[in-house]
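Computed over heavy atoms, backbone and side chain alike; hydrogens, waters and symmetry mates excluded.
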Amino acid sequence: MKHVSSTQLKKGDIVRVEAGELIPTDGEIIEGLASIDESAITGESAPVIKEAGGDFSSVTGGTRVASDFIVMKVMTDPGESFLDRMISLVEGAKRQKTPNEIALATLLAVLTLIFLIVIITMVPMAGYLGIPLDLATLIALLVCLIPTTIGGLLSAIGIAGMDRVTQFNVLAMSGKAVEAAGDIDTLILDKTGTITYGNRMAAEFIPVKGVTAKEITFASLQASVKDETPEGRSVVELAEKLGESWAAAQYEDAEIVEFTAETRMSGMNLANGTSIRKGAVDAIKKYITAKGGRVPGDLEEIANRIAKAGGTPLAVALNDRIFGVIYLKDTVKPGLKERFDELRAMGIKTIMCTGDNPLTAATIALEAGVDDFIAEAKPEDKIAAIKKEQREGKLVAMTGDGTNDAPALAQADVGLAMNSGTMAAKEAANMIDLDSDPTKLLSVVAIGKQLLITRGALTTFSIANDIAKYFAIIPAMFIMAMPQLQAMNIMHLASPQSAILSALIFNAVIIPLLIPIAMKGVKYRAATADKLLARNVLLYGLGGVIVPFVGIKLIDMLLHGFHIV
């Protein structure tokens, strides 16, 4: 046996992987039995038992052997593994432009084109009327009239949005991500680590016939006092919550029986000869049968009921007697149902994606309160679900934590990765939730809506502002050659030169004055789009018309009073 680099492996090679080592590439187990930690790929924290010749004999590169060892046969050539496929899917994913982004870009382009045409046509018009227009004047007019106000504020609005989400422990990679969150129609969530904690926790102690609830609770506690795994700690915590207690001194001389993939159970042997075991139901049945004990008739029914509900049953035995079953379940994070109700009220549809079977998926979906779910979902299924929603004109947010979520996070308009997730997920996302709380999207959506309202309000002000400057400057420039324009010269500016210089100074002053509004944001109120539009037009549209007239006139009076022009 020799050590080689994983990059040198090719299809058909035989590799031995010991406990604690990473599996170098995709393959098939041909010898051994081990528990495999697949959390780096799937986000599932519970190790999976895999062995040669079984239904679960295939292994994935990047996962880790948690116990024992395996001998595997490499089943893929370089560039064809699961991780290579994930990289390819991420590279092929592309975020679409949001409707607001397209609308603003189109509006600014059209206005710029209109004002460019106006400036260009002024040259022959001024020549015909005998009004001298030098290059400096044309440039000054161009700077005054094109929509520079909103162009100068867009970056400030985006940066302010990114700063506001950090107050909720969310890192946004761009202002565009925050903006897109304000228009989200669909939220797709990975189950494990996002909707659920990802750690199987003790939820209930179920006694078999002839055993009391107190007896199974204490037996489960005894079987777990030396178990330092998250599942073992949860058993102790639940038993203590139910009123049981234990003294550490009673178990100091106990022989600890560690869990192995081969035995699929753990426990301890006390100094007085008592043996305590907990583990997979079929493993405990074999253990009890070998000791001459009897398997309770209702054990199988209890185990099947737990499995159908999406949980994991662990049988508990003392000596040659089975006391009952520990119900382990992947616990739904508290408060999710209420937060999903709030998302529903905002018109946001929630879809859960999971690799679980449909029955388990339906149970978790009902408990979490999502609108729909996709069971036995592969990475391609998640991307397909996102693209389907996007083809219908919807903006989609995706939350996830595993490497298998990375392609979907890259495709979604808003990709929110859990900080507890893999590096691949965080690299593909455009937001990272440091608290790993999927309902944080509610706060992000509210900030996104405020960002959109702020940008809409300032865009309205900017457009009204630029149009007002147009009607303030042009009449003053041509009034000497065309006295008929006197009726439009409502500001009575001192001279064409004063009009242009006043507009330039006003243009230079108004953008810094608007930056605090852009940074603070316009206050978000839950209201219909019609009401928000009416408010923006009334407050910022009318203000955008009045402010330039007042500002330019005041500056013109100062310039004329100090004889500057």
Side-chain angles (χ1 to χ4, degrees), residues 38-39 42-48 168-170 186-206 229-238 241-242 305-314 325-346 348-377 382 385 397-402 404-405 408-409 416-422 425 433-445:
E38 297 186 329
S39 59
T42 65
E44 299 277 355
S45 62
V48 180
F168 293 90
N169 263 8
V170 174
T186 305
L187 170 60
I188 296 179
L189 308 101
D190 175 55
K191 186 206 78 174
T192 307
T194 305
I195 289 179
T196 63
Y197 282 109
N199 290 327
R200 297 174 303 169
M201 312 290 282
E204 187 181 357
F205 302 122
I206 304 173
T229 64
E231 292 90 344
R233 294 299 89 210
S234 73
V235 171
V236 174
E237 288 171 10
L238 180 59
K241 192 182 295 183
L242 293 173
R305 188 171 75 241
I306 292 173
K308 286 178 181 178
T312 302
L314 288 184
V325 178
I326 301 172
Y327 178 5
L328 294 180
K329 63 181 293 190
D330 195 356
T331 310
V332 172
K333 295 180 179 179
L336 277 186
K337 200 177 185 75
E338 294 75 17
R339 301 304 295 272
F340 288 153
D341 286 341
E342 292 180 50
L343 286 172
R344 197 173 296 111
M346 296 169 69
I348 298 175
K349 176 184 177 184
T350 52
I351 302 174
M352 181 186 78
C353 283
T354 175
D356 291 332
N357 62 68
L359 185 62
T360 301
T363 303
I364 298 292
L366 182 64
E367 186 178 349
V370 295
D371 295 315
D372 199 1
F373 66 88
I374 302 172
E376 298 176 342
K382 297 176 184 180
M398 167 75 189
T399 64
D401 64 339
N404 57 342
D405 297 320
L409 289 167
L416 181 65
M418 303 295 105
N419 192 46
S420 58
T422 63
D433 176 14
L434 300 179
D435 296 329
S436 301
D437 176 7
T439 62
K440 193 75 68 64
L441 193 70
L442 269 170
S443 304
V444 176
V445 167

Visitor: Nearest 0.5 Å, what's the CG-CG distance between Asn169 and Asp433?
Guide: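 One finds 7.5 Å between CG of Asn169 and CG of Asp433.
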Visitor: Assess whether side-chain contact (heavy atoms from CB on, under 4.5 Å) is satisfied between Leu416 and Val170, documenting all intermediate values.
Guide: CA-CA 9 Å; Leu416 181 65; Val170 174; 4.2 Å; yes
Visitor: Heavy atoms, side chains only, cut-off 4.5 Å: are Thr354 and Ile364 in contact?
Guide: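 Side chain of Thr354 against side chain of Ile364, heavy atoms only: no contact under 4.5 Å found.
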Visitor: Nearest 0.5 Å, please: how far is OG1 in Thr312 from OH in Tyr327?
Guide: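 One finds 9.0 Å between OH of Tyr327 and OG1 of Thr312.
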Visitor: Only one of Ile374, Asp405, Ile188 passes side chain to side chain contact (heavy atoms under 4.5 Å, CB included) with Lys382; say which it is.
Guide: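 The passing option is Asp405.
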Visitor: When rounded to the nearest 0.5 angstrom, what is the spacing between CG in Asp372 and CD1 in Ile351?
Guide: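 It comes to 5.5 Å.
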Visitor: Do you know which two heavy atoms are closest between Asp371 and Ile348, and how far apart they sit?
Guide: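 Of all heavy-atom pairs spanning Asp371 and Ile348, the closest is OD2-O, 4.0 Å.
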Visitor: Taking the side chain as every heavy atom from C-beta outward, state whether Ile206 and Ile306 have any atom pair closer than 4.5 Å.
Guide: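 Yes, side chains in contact.
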Visitor: Return the minimal non-hydrogen interatomic distance between Thr350 and Arg344, and the atom names on each side.
Guide: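 For Thr350 versus Arg344, the nearest heavy atoms are OG1-NH2, 4.4 Å.
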Visitor: Nearest heavy-atom pair of Ser234 and Glu231: which atoms, and what distance?
Guide: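 Taking Ser234 first and Glu231 second, the nearest heavy atoms are OG-O, 2.6 Å.
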Visitor: Looking only at non-hydrogen atoms, find the nearest pair between Ala375 and Ala361 and report the distance.
Guide: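 So the two residues come closest at CB-CB, 3.8 Å.
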Visitor: Name all residues meeting the side-chain hydrogen bond (donor to acceptor under 3.5 Å, both in side chains) criterion together with Arg305; count only those two or more places apart in sequence or in a different chain, and write none if there are none.
Guide: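 Expected list: Glu301.
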Visitor: So, taking the atom named CD in Glu237 and the one named CE in Met201, what distance separates them when rounded to the nearest 0.5 Å?
Guide: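 Answer for the CD-CE pair, Glu237 versus Met201, is 6.0 Å.
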Visitor: Rounded to the nearest 0.5 Å, what's the gap from NZ on Lys337 to CG on Leu366? Could you check?
Guide: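 Result: 5.5 Å between the selected atoms.
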Visitor: Of Thr196, Leu336, Val332, Ile195, which meets side chain to side chain contact (heavy atoms under 4.5 Å, CB included) against Glu367?
Guide: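 Checked Thr196, Leu336, Val332, Ile195 against Glu367; only one passes side chain to side chain contact (heavy atoms under 4.5 Å, CB included): Val332.
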Visitor: Give me the atom names and distance for the closest heavy-atom approach of Gly400 to Leu409.
Guide: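 Result for this residue pair: N-CD2, 3.9 Å.
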Visitor: Quick one: are Phe205 and Val235 in side-chain contact, heavy atoms under 4.5 Å?
Guide: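 Yes, side chains in contact.
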Visitor: Please report the closest heavy-atom contact between Ile326 and Ala202, naming both atoms and the distance.
Guide: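 Scanning both residues, the minimum pair turns out to be CG2-CB, 4.2 Å.
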Visitor: Is there a donor-acceptor pair under 3.5 Å between the side chain of Thr186 and the backbone N or O of Lys349?
Guide: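 Checked: no pair found.
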